[in-house]
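These figures come from a predicted structure and were not determined experimentally.
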Amino acid sequence: MGRVLVLINSSGGLFDFRNEFVEALLKDHQVFVSVPDDVKTKELTDEGCQIIKTPINRRGINPVEDLKLYRTYRNMMKELKPDLVATYTIKPNIYGGFCAGRMKIPYITTITGLGGAFDRTGFLLWLIIRMYRAGMKKAACVFFQNEENRSIFRNFGIVGQKDKLVMGSGVSLPRHPYEPYPEREETHFLFVGRVMKERGILEFLGAAKKLHSDKVFFDILGYCDEDYQDMLAELEKEGVIHELGFHTQVHPYLADASAVVIASFHEGMSNALIEAAATGRPVIASNISGCMEAFEEGRTGFGFTPGNVDELVLAMKKFLNLSYEERAAMGRAGREKMEREFDRKLVTGAYMEEVGRILG
């Protein structure tokens with residue numbers, strides 16, 4: 001059996017969004033997974049993966065910590081001698097890719113989103129470009145989740161040996177089956193994602209302040225990743241929002257929602273959006289790459305300019321004016337789109353095609 005090493009910054013991200021790829025690898029290979037957390041390591045271990053605990057500071061650039069991560073990856077590859085390395089997320093992509101390239105180990109990389117990295121200027125932007133170039137240049141294949149991200153990389157000369165566009169991580173249709181639209185008078189807008197500025201939490205809260213009532217509710221599903229907890233607690237006390245907290249199983253909350261709100265400023269491809277659509281829920285989403293590909297204006301949801309509270313409120317008002325039948329039809333159309341275009345089997349097939357090409 002060959003050996004495949006997967007480098008990623010979240011076991012939950014690997015199991016929830018890429019597990020079909022892991023299962024496909026396990027049929028013919030030993031799979032080693034380097035992650036910093038324990039959220040889904042039991043599930044991965046039960047499937048047959050071997051877990052390597054690797055601390056990662058996901059936020060910011062700390063030269064000492066990043067050098068330590070590079071050395072950890074280098075020692076890991078020296079010991080395991082993998083036949084292929086698969087990297088996801090920024091630091092595993094950069095430092096893991098650089099290690100694999102220097103050690104002449106084939107590797108594939110997935111760009112899951114750029115965040116605000118390329119919004120920087122001056123020396124910091126120059127540094128980010130140089131780091132990405134070093135991590136990507138020997139990649140056997142770089143997978144992109146939207147065309148805009150691919151264009152940005154090409155414009156900055158950040159290229160691997162080849163690249164391929166996939167529809168995000170795809171959505172597991174069995175794990176997110178279609179659910180009948182809830183029959184009730186109240187409307188529940190559900191924010192899904194980490195509570196942070198870049199995910200549009202301030203815009204969601206601004207809309208909640210304007211539209212909440214005894215029939216219109218604003219729910220938040222996700223953990224607080226930035227310093228907003230005091231604000232959330234005060235708004236919940238006032239009855240403006242309701243915090244659901246962080247849950248590893250999101251499907252029941254999607255099914256209970258009237259519409260799911262994705263207010264991000266940046267996305268590779270929004271997993272929350274495609275999971276909501278697969279469940280049969282209309283979406284209200286940012287008009288950005290990584291969201292626009294996954295919904296159809298007026299048919300499966302409504303879009304708005306990220307950062308614009310007034311546009312978000314307008315989109316929500318459009319939704320509130322729909323009848324029950326129109327909302328349910330919008331949800332069914334979203335499910336059909338996911339079945340046609342976003343089935344995770346299609347994404348897994350694209351990855352396994354590259355694995356077969358690389359490993360022969």
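- Heavy atoms of other residues, nucleotides or ligands lying less than 6.0 angstrom from CZ of R175 number more than 12.
- Side-chain N or O atoms of E79 include none that pairs as donor or acceptor with a backbone N or O of M76 at under 3.5 Å.
- Considering CG of N93 and CD1 of I111, their distance stands at 4.5 Å, rounded to 0.5 Å.
- At a threshold of 4.0 Å, the pair D225-R199 does not count as salt-bridged, since none of the basic side-chain nitrogens sits closer than that to a carboxylate oxygen.
- Between the N155 side chain and the S151 main chain, a donor and an acceptor come within less than 3.5 Å of each other.
- Between atom CE of residue M338 and atom OG1 of residue T279 there is a gap of 10.5 Å, rounded to the nearest 0.5 Å.
- Of the possible polar contacts, one joining the E236 side chain to the E243 backbone as a donor-acceptor pair under 3.5 Å is found.
- Classified by interplanar angle (parallel below 30°, tilted 30° to 60°, perpendicular above 60°), the ring pair F118/F153 is tilted.
- With a 4.5 Å cut-off on side-chain heavy atoms, I52 and L80 count as touching.
- A heavy-atom distance below 4.5 Å is found between the side chains of L254 and V192.
- Listed for the K104 side chain is no donor-acceptor partner under 3.5 Å among the backbone atoms of G101.
- What you find for I288 and E293 is that their closest heavy atoms are O-OE1, 4.2 Å.
- Salt-bridge formation is not detected for the pair R281/E275: no Lys NZ or Arg NE/NH1/NH2 atom is positioned less than 4.0 Å from an Asp or Glu carboxylate oxygen.
- Heavy atoms only, all atoms of each residue included: A315 and I284 are closest at CB-CG2, 3.9 Å.
- For F98 and Y70, the distance between ring centers is under 6.0 angstrom.
- Other residues, nucleotides and ligands contribute more than 12 heavy atoms inside 6.0 Å of the CG atom of D46.
- When only modelled atom types and interatomic distance are considered, N19 and E47 share a side-chain donor-acceptor pair under 3.5 Å.
- For the pair N146 (side chain) and E267 (backbone), a donor-acceptor distance under 3.5 Å is present.
- The side-chain heavy atoms of S258 and Y181, taken from C-beta on, include a pair separated by under 4.5 Å.
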If you look only at distance, which donor and acceptor atoms sit under 3.5 Å apart when one is on a side chain in residues 350-360 and the other is two or more places apart or in another chain?
unit_1: Y351; atom_1: OH; unit_2: T110; atom_2: OG1; d: 2.6
unit_1: E354; atom_1: OE1; unit_2: R357; atom_2: NE; d: 2.7
unit_1: E354; atom_1: OE1; unit_2: R357; atom_2: NH2; d: 2.8
unit_1: E354; atom_1: OE2; unit_2: K162; atom_2: NZ; d: 3.0
unit_1: E354; atom_1: OE2; unit_2: K164; atom_2: NZ; d: 2.9
unit_1: R357; atom_1: NH2; unit_2: A140; atom_2: O; d: 3.2

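- A donor-acceptor pair under 3.5 Å is formed between the side chain of R344 and the backbone N or O of G170.
- I90 and Y73 fall within a single hydrophobic cluster, where Ile, Leu, Val, Met, Phe, Trp and Tyr side chains are chained together by heavy-atom contacts under 4.5 Å.
- Closest non-hydrogen pair, M269 versus G168, comes out as CB-CA, 3.4 Å.
- The two residues L7 and G96 come nearest to each other via the heavy atoms CD1-CA, 3.6 Å.
- No continuous path of ILVMFWY side-chain contacts below 4.5 Å connects V159 to I152, so the two sit in separate hydrophobic clusters.
- Using a 4.5 Å cut-off between side-chain heavy atoms of Ile, Leu, Val, Met, Phe, Trp and Tyr, with links allowed through other members, I51 and L26 fall into the same hydrophobic cluster.
- Residues L190 and Y253 come closest through the heavy atom pair CD2-O, 3.5 Å.
- Taking a cutoff of 4.0 Å between a charged side-chain nitrogen and a carboxylate oxygen, K317 and D310 do not qualify as a salt bridge.
- Note: the hydrophobic cluster containing V35 also contains V31 (ILVMFWY, side chain heavy atoms under 4.5 Å, direct or indirect links).
- By the 4.5 Å heavy-atom criterion applied to side chains, R74 and M103 are counted as neighbours.
- A distance of 11.5 Å separates CG of N9 from OG1 of T54, quoted to the nearest 0.5 Å.
- Rounding to the nearest 0.5 angstrom, the gap separating the CZ atom in F265 from the CE atom in M196 is 11.0 Å.
- H266 and D119 are linked by a side-chain donor-acceptor pair at a separation below 3.5 angstrom, with hydrogens and angles left out of the test.
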**OP:** Could you please spell out the steps behind the side-chain contact (heavy atoms from CB on, under 4.5 Å) verdict for L205 and I220?
**Re:** CA-CA 10 Å; L205 296 178; I220 298 174; 4.0 Å; yes
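- Annotation for N271 and S169: closest pair OD1-CB, 3.7 Å, computed over non-hydrogen atoms.
- Judged by distance alone, the side chain of Q161 and the main-chain N or O of K137 form a donor-acceptor pair under 3.5 Å.
- Every side chain to side chain donor-acceptor pair (under 3.5 Å) that E339 has, sequence neighbours left out, goes to R335.
- A salt bridge links K215 with E185: the distance from a Lys NZ or Arg NE/NH1/NH2 to an Asp or Glu carboxylate oxygen falls below 4.0 Å.
- In this structure the side chain of S10 never reaches within 4.5 angstrom of the side chain of T89, judged on heavy atoms.
- The side-chain tip of R327 points at the ring of F319 from less than 6.0 angstrom away and within 45° of straight on.
- No side-chain heavy atom of E203 sits less than 4.5 Å from a side-chain heavy atom of P306.
- Ring planes of F191 and F204: tilted class, angle from 30 to 60°.
- Classification of R150 and E147 as a salt-bridged pair holds, one side-chain N sitting under 4.0 Å from a carboxylate O.
- In this structure the side chain of Y95 never reaches within 4.5 angstrom of the side chain of I56, judged on heavy atoms.
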**OP:** Mind running side-chain contact (heavy atoms from CB on, under 4.5 Å) on V6 and Y88 for me, showing each step along the way?
**Re:** CA-CA 8 Å; V6 179; Y88 295 89; 4.1 Å; yes
**OP:** Might you work through the side-chain contact (heavy atoms from CB on, under 4.5 Å) test for R71 and L67, ending with a clear yes or no?
**Re:** CA-CA 6 Å; R71 288 173 173 169; L67 179 61; 3.8 Å; yes
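- Counted within 6.0 Å of CZ on R102, heavy atoms from surrounding residues, nucleotides or ligands total 12 or fewer; the atom is thus considered open.
- Using the six-membered ring where Trp is involved, F217 and H188 have ring planes that are parallel, under 30° apart on the 30 and 60° scheme.
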Subject >> Test side-chain contact (heavy atoms from CB on, under 4.5 Å) applied to L235 and K209, step by step >> reply: CA-CA 9 Å; L235 289 173; K209 292 174 185 178; 3.8 Å; yes
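- Considering OG1 of T41 and NZ of K53, their distance stands at 7.0 Å, rounded to 0.5 Å.
- In this structure, CZ on R3 lies 13.5 Å from CG on L84, to the nearest 0.5 angstrom.
- H176 is listed as a side-chain neighbour of V250, based on a closest heavy-atom distance under 4.5 Å.
- Following chains of ILVMFWY side-chain contacts shorter than 4.5 Å, one cannot reach Y223 starting from L14, and the two form parts of different hydrophobic clusters.
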Subject >> Worked verdict on K237 versus E234 for salt bridge (charged side-chain N to carboxylate O under 4.0 Å, His left out) >> reply: CA-CA 5 Å; K237 184 178 178 181; E234 183 62 30; 5.1 Å; no
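- The closest side-chain donor-acceptor pair between N287 and T305, if any, does not fall under 3.5 angstrom.
- Side-chain atoms of S264 and S286 form no donor-acceptor pair, as typed in the model, at a separation below 3.5 Å.
- The six-membered or imidazole ring of Y132 lies away from that of F156, with a centre-to-centre distance of 6.0 Å or more.
- Without hydrogens or angle criteria, S11 side chain to V39 main chain gives a donor-acceptor distance under 3.5 Å.
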